[in-house]
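The structure appears below as C-alpha cells.
Because the structure is a prediction, the values reported are computed rather than measured.
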Amino acid sequence: MAKAFSDRNTIDIFGKTPGRPRTHMLSRKEQLKINKRAQREKEKAQGLKRLELVIDQDTLEHLDFLCEKQGIKRAEWLTQQISKTMKSAKKD
C-alpha cells in the first residue's frame with residue numbers, strides 16, 4: 001500500500017514519530033565540536049592566541065570584581081594590564 005500525498009486518512013499510519021523534528025543531521029555534541037573549531041580558526045585568523053591560566057579562587061574573585069567594575073571581559077582586562085606594564089617598562 002502506497003501513501004498518496006493527498007491522503008489525510010492514513011497520516012497516523014505513515015506519519016513520523018511524535019516530537020520535535022530534527023533540524024540538524026549531527027548530534028548536539030558534534031555541532032558544538034564543529035562550532036568550537038570554527039571559533040578557534042576565526043581567532044587564529046585575527047591573530048589571537050589562546051592562553052590557559054590557573055589561579056586561586058580569591059584572585060579570580062578580585063579579577064572578576066575589577067572586570068565587572070570596568071564593564072570588560074577578563075581577557076580584555078589582562079590585555080590592558082600587560083599593555084600598561086609594557087608601556088611603563090619602555091619608559092624606564
Side-chain angles (χ1 to χ4, degrees):
M1 173 193 246
K3 177 189 169 207
F5 288 107
S6 61
D7 186 4
R8 297 194 181 274
N9 295 326
T10 56
I11 290 176
D12 57 325
I13 297 173
F14 297 103
K16 295 184 179 183
T17 58
R20 185 169 177 240
R22 285 186 85 169
T23 56
H24 204 286
M25 297 304 293
L26 299 174
S27 69
R28 185 66 183 146
K29 184 177 179 180
E30 290 297 318
Q31 290 177 42
L32 291 173
K33 186 177 177 182
I34 290 169
N35 289 340
K36 191 64 175 178
R37 182 180 302 130
Q39 180 185 2
R40 285 192 307 265
E41 289 174 2
K42 180 181 173 185
E43 290 171 349
K44 187 176 180 181
Q46 293 174 344
L48 301 175
K49 298 286 184 180
R50 290 196 161 268
L51 172 70
E52 184 173 341
L53 178 66
V54 180
I55 57 175
D56 62 282
Q57 184 64 34
D58 191 42
T59 305
L60 180 62
E61 289 171 4
H62 285 109
L63 176 59
D64 286 342
F65 172 76
L66 292 169
C67 292
E68 186 177 326
K69 186 176 177 181
Q70 294 182 11
I72 59 176
K73 296 180 180 181
R74 291 177 189 161
E76 293 175 49
W77 190 88
L78 291 168
T79 302
Q80 287 178 1
Q81 297 306 311
I82 293 169
S83 295
K84 286 179 186 178
T85 304
M86 291 299 295
K87 286 177 185 176
S88 66
K90 288 180 181 179
K91 289 179 183 178
D92 293 342

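When the side chains of ILVMFWY residues are joined at heavy-atom separations under 4.5 Å, either directly or via intervening members, Leu78 and Leu48 end up in two distinct hydrophobic clusters.
Summarising the local packing, CD of Gln46 is surrounded by more than 12 heavy atoms from other residues, nucleotides or ligands at distances under 6.0 Å.
The only option from Asp64, Leu53, Leu66, Thr79 that meets the side chain to side chain contact (heavy atoms under 4.5 Å, CB included) definition with Arg74 turns out to be Asp64. A side chain to side chain contact (heavy atoms under 4.5 Å, CB included) with Arg40 holds for exactly one of Lys44, Lys42, Lys36; it is Lys36.
Atom NZ in Lys33 sits 11.0 Å away from atom CG in Leu26 (nearest 0.5 Å).
Leu63 approaches Trp77 most closely through the heavy-atom pair CD1-CE3, 3.3 Å.
With sequence neighbours left out, Glu76 forms a salt bridge (charged side-chain N to carboxylate O under 4.0 Å, His left out) with no residue at all.
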